[in-house]
Amino acid sequence: MSKDFSTREENYSKWYNDIVTKADLAENSAVRGCMVIKPYGYSIWEKMQAVLDKMFKDTGHENAYFPLFIPKSFFSKEASHVEGFAKECAVVTHYRLKTAPDGKIVVDEDAKLEEELIVRPTSETIIWDTYRSWIQSYRDLPLLINQWANVVRWEMRTRLFLRTAEFLWQEGHTAHATRQEAVEEAEKMLNVYADFAENFLALPVLKGVKSENERFAGAIETYCIEALMQDGKALQAGTSHFLGQNFAKAFDVKFTGKDGKQEYVWATSWGVSTRLMGALIMAHSDDNGLVLPPKLAPNQVVIVPIYKSDEELAKLNDKASEIKKSLEALGIRVKYDNRDTHKPGWKFAEYEFKGVPLRIAIGPRDLENGTVELARRDTKEKATYQQTDLAHKIEHLLGQIQSNLYQKALSFREQNTTNVDTWEEFVNQIEGKGGFVYAHWDGTKETEETIKEKTKATIRCIPLDNKKEEGKCILTGKPSTQRVVFARAY
RNA sequence: CGGGGUGUAGCGCAGCCUGGUAGCGUACUUGCAUGGGGUGCAAGGGGUCGUGGGUUCAAAUCCCGCCACCCCGACCA
């Protein structure tokens with residue numbers, strides 16, 4: 001089967017690419033570093049959006065939309081922010097083209113912009129500039145806004161979904177009257193992300209904070225969720241930042257409190273992107289293709305008829321429609337594929353590759369016996385089921401598949417999480433099987449940088465529920481109060 | 001931006017060294033058979049050989065320039 005398709009063992013990154021392109025999720029576009037998200041891939045993204053959007057609204061947020069372009073001068077207002085993004089910005093300098101004498105289309109040099117526009121790599125600056133006029137009083141707070149948007153970061157090397165020059169995401173930007181409230185907001189949204197990752201993506205995540213090195217440009221504290229991929233590398237799946245008063249000061253956003261005193265507003269921002277698609281793909285898929293958790297699968301069940309004659313097909317059409325209706329009545333997403341242009345075996349392989357969680361095959365034999373054949377994508381088990389009460393059996397199975405995927409990913413993470421105490425152990429682990437490596441660290445930027453230089457491993461996070469423990473830094477031997485999580489990362 | 005590699009049918013590739021009718025697999029179209037795991041047989045359509053120049057009677061093939069993409073580094077969600 002799938003002989004032209006790479007396995008994880010042979011070439012992990014080719015395997016990933018093959019799944020993305022051959023399962024029709026996305027492909028490279030004519031524009032360097034930018035992808036085309038194909039209908040099947042986009043429908044999974046839409047599922048994610050729908051769930052997250054509801055979670056945001058349930059926690060009191062509203063959607064709004066801010067411009068794609070940001071005046072260059074805005075970036076100079078928050079020093080560390082510009083430093084973080086300056087090297088990867090697309091800049092608009094002109095607003096008109098013209099036809100040159102040789103017939104070619106060229107930029108009209110007369111149409112140079114007075115001030116260049118930056119294509120947003122993130123929207124803090126334009127949003128905080130706007131918030132200045134929205135916020136006067138404590139009565140205007142908290143301001144809880146989310147935006148679904150595209151952003152551009154001019155990456156040197158790109159990979160479908162994991163790192164593209166343009167990507168889709170949501171960015172929440174909130175304003176609060178007190179420090180504590182903003183910190184609580186940042187933590188709340190981190191929990192929303194973790195909840196989403198675990199209950200929908202079926203992906204266990206570590207919740208933690210970033211070290212200073214890895215912190216978002218302009219943040220006081222960056223909270224994150226970190227997931228482990230099947231090749232032992234970590235993937236940052238979402239971040240939530242406590243921004244303090246940095247942006248309020250940079251954009252002069254003040255409010256008058258109950259006491260009549262003016263104070264700068266406290267801020268958060270938080271985001272997840274189409275990178276989650278990459279996480280989803282790498283977390284569960286196998287050498288037979290994509291594996292989707294039922295909660296996010298565009299089709300949860302596919303029904304394939306097996307027949308020889310038109311009469312047989314007609315009977316199967318009736319039975320399949322009946323089954324489809326009973327499933328849809330329970331809110332299950334079903335596709336009945338009775339195309340005559342492809343054979344059953346072809347369809348089996350196709351839907352397997354595309355990760356459809358459950359397949360029903362039904363043929364003349366089943367019509368006689370009152371049965372169907374059910375095949376699970378996650379375990380590849382096949383079994384014959386009586387048609388009686390089939391919809392509820394399937395509903396139950398979908399639930400099982402969802403939790404099985406989570407459990408599998410969780411035990412993988414546990415098997416690939418290690419504690420190390422010496423430099424030698426650390427290097428062996430990072431360069432061997434990888435995974436999350438808990439080790440003591442002296443807490444300095446310099447040490448983290450040296451470790452990164454030597455091993456390519458970075459501190460993924462300092463877990464929120466970390467237990468305190470005396471120890472010695474694996475590199476410098478200086479005292480440490482807790483272990484932090486190291487890994488090589490995407 | 002440094003190192004390596006590749007551009008030939010929609011996709012994957014051979015041909016290039018040693019210049020002389022552009023090929024294979026797959027996909028596509030048609031017909032017949034087939035139908036419980038990518039079906040078989042037959043016929044057919046599809047190419048400015050990345051691009052510009054040079055050498056030659058003759059260039060996919062040799063020479064020079066350019067462009068694009070991929071991989072490995074540095075940078076990053």
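Remember, it's a predicted structure, so these values are computed and weren't measured experimentally.
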For this session: Classify the side-chain pair A:Asn191/A:Tyr223 by whether it contains a donor and acceptor separated by less than 3.5 Å.
Result: no
Problem set entry | Strand contacts (RNA chain B) in residues 233-243 of chain A, 4.0 angstrom heavy-atom criterion | A:Gln236
For this session: Give one of base, sugar-phosphate or nothing for A:Thr164, where a contact means two heavy atoms less than 4.0 Å apart.
Result: base
For this session: Starting at atom NZ of A:Lys380, determine the distance to atom P of B:G37, rounded to an integer number of angstrom.
Result: 13 Å
Exercise. Quantified in whole Å, what is the C1' atom distance between nucleotide B:G25 and nucleotide B:G38?
Worked result: 15 Å
Exercise. With both distances under 3.5 Å as the test, what is the Watson-Crick or G-U wobble partner of B:G44?
Worked result: B:C28
For this session: Round to the nearest Å and state the distance from A:Trp346 atom CH2 to B:A27 atom P.
Result: 10 Å
For this session: Would you tell me whether A:Ser240 and A:Glu187 have side-chain atoms, one donor and one acceptor, within less than 3.5 Å of each other?
Result: no
Exercise. To the side chain of A:Asp340, which of B:G36, B:G35, B:G37 is closest?
Worked result: B:G35
Review item, nucleotides 69-73 of chain B N/O atoms under 3.5 Å of protein N/O:
residue	atom	partner	partner atom	Å
B:C72	OP2	A:Arg157	NH2	2.0

Exercise. Say you pick atom C1' in B:G19 and the same atom in B:C72; how far apart are they, in whole Å?
Worked result: 36 Å
For this session: Mind checking A:Tyr490 for me? I need base, sugar-phosphate or nothing, with any heavy atom below 4.0 Å counting as a touch.
Result: nothing
Problem set entry | Nearest-angstrom distance from the residue atom CD of A:Glu449 to P of B:A74 | 14 Å
For this session: Report the distance from atom CD1 of A:Ile360 to atom C1' of B:G36, rounded to the nearest whole Å.
Result: 15 Å
For this session: Indicate the ring-plane relationship of A:Tyr193 and A:Trp270, choosing parallel, tilted or perpendicular according to the 30° and 60° boundaries.
Result: perpendicular
Seminar exercise, completed: note: A:Phe348, atom CZ; B:G36, atom P; distance rounded to Å ~ 8 Å
Problem set entry | Pi-cation contact, A:Phe353 with A:Lys22 (under 6.0 Å, within 45°) | no
For this session: Assess whether one donor atom and one acceptor atom, taken from the side chain of A:Lys343 and the base of B:G36, lie less than 3.5 Å apart.
Result: no
Exercise. Would you say the side-chain atoms of A:Glu124 and A:Ser269 include a donor-acceptor pair closer than 3.5 Å?
Worked result: yes
Seminar exercise, completed: Paired to B:A14 by Watson-Crick or G-U wobble criteria (both distances under 3.5 Å) is none
Exercise. When rounded to the nearest Å, what value does the distance between P atoms of B:G46 and B:C41 take?
Worked result: 24 Å
For this session: Could you check how far CD of A:Glu312 sits from C1' of B:G36, rounded to whole Å?
Result: 11 Å
For this session: With a 3.5 angstrom cut-off on both distances, give the Watson-Crick or G-U wobble partner of B:U55, or none if there isn't one.
Result: none
For this session: On RNA chain B, check which nucleotide each of A:Arg365 and A:Lys452 is closest to and give me the residue with the more 5' one.
Result: A:Arg365
Problem set entry | Working for side chain to side chain contact (heavy atoms under 4.5 Å, CB included), residues A:Lys210 and A:Gln236 | CA-CA 11 Å; A:Lys210 287 291 185 191; A:Gln236 178 175 303; 2.9 Å; yes
Problem set entry | Side-chain donor-acceptor pair present, A:Glu373, A:Thr371, cut-off under 3.5 Å | no
For this session: Could you give the distance separating B:U21 and B:A59 at their C1' atoms, to the nearest angstrom?
Result: 15 Å
Exercise. For B:C1, what is the paired nucleotide under Watson-Crick or G-U wobble rules, both distances under 3.5 Å?
Worked result: B:G73
Problem set entry | Neighbour count >12 (heavy atoms, 6.0 Å) for atom NZ, A:Lys98 | yes
For this session: Classify the angle between the aromatic ring planes of A:Trp128 and A:Tyr131 as parallel (below 30°), tilted (30 to 60°) or perpendicular (above 60°).
Result: perpendicular
Exercise. Among B:G36, B:G35, B:G38, which is the nearest nucleotide to the side chain of A:Glu350?
Worked result: B:G38
For this session: Could you let me know what B:A9 is paired to, Watson-Crick or G-U wobble, both distances under 3.5 Å, or none if it's on its own?
Result: none
For this session: May I ask which nucleotide in the shown strands pairs with B:U61, Watson-Crick or G-U wobble, both distances under 3.5 Å?
Result: none
Problem set entry | Whole-angstrom distance between B:A27 and B:C11, as gauged at atom C1' | 7 Å
For this session: Using the P atoms only, state how far B:G65 lies from B:U61, rounded to an integer number of Å.
Result: 16 Å
Exercise. Parallel, tilted or perpendicular for A:Trp169 and A:Phe167, by the 30°/60° rule?
Worked result: perpendicular
For this session: Rounded to whole angstrom, note down the C1' distance from B:U34 over to B:C24.
Result: 27 Å
For this session: Only counting residues at least two apart or in another chain, list the ones meeting side chain to side chain contact (heavy atoms under 4.5 Å, CB included) with A:Asn338.
Result: A:Pro305, A:Leu313, A:Asn317, A:Tyr336
Exercise. Any idea which of B:G36, B:G37, B:G35 is nearest the A:Lys382 side chain?
Worked result: B:G37
Problem set entry | C1' gap between B:C69 and B:U29, integer Å | 32 Å
For this session: I would like to know whether A:Lys38 and A:Glu27 meet salt bridge (charged side-chain N to carboxylate O under 4.0 Å, His left out); could you show each step before the answer?
Result: CA-CA 7 Å; A:Lys38 298 182 78 176; A:Glu27 62 189 30; 3.6 Å; yes
Problem set entry | A:Lys347 NZ - B:U34 P separation (whole Å) | 18 Å
Problem set entry | Who pairs with B:U39 - Watson-Crick or G-U, where each distance is under 3.5 Å | B:A33
Exercise. Could you state the CG-P distance from A:Leu316 to B:G35, rounded to the nearest angstrom?
Worked result: 15 Å
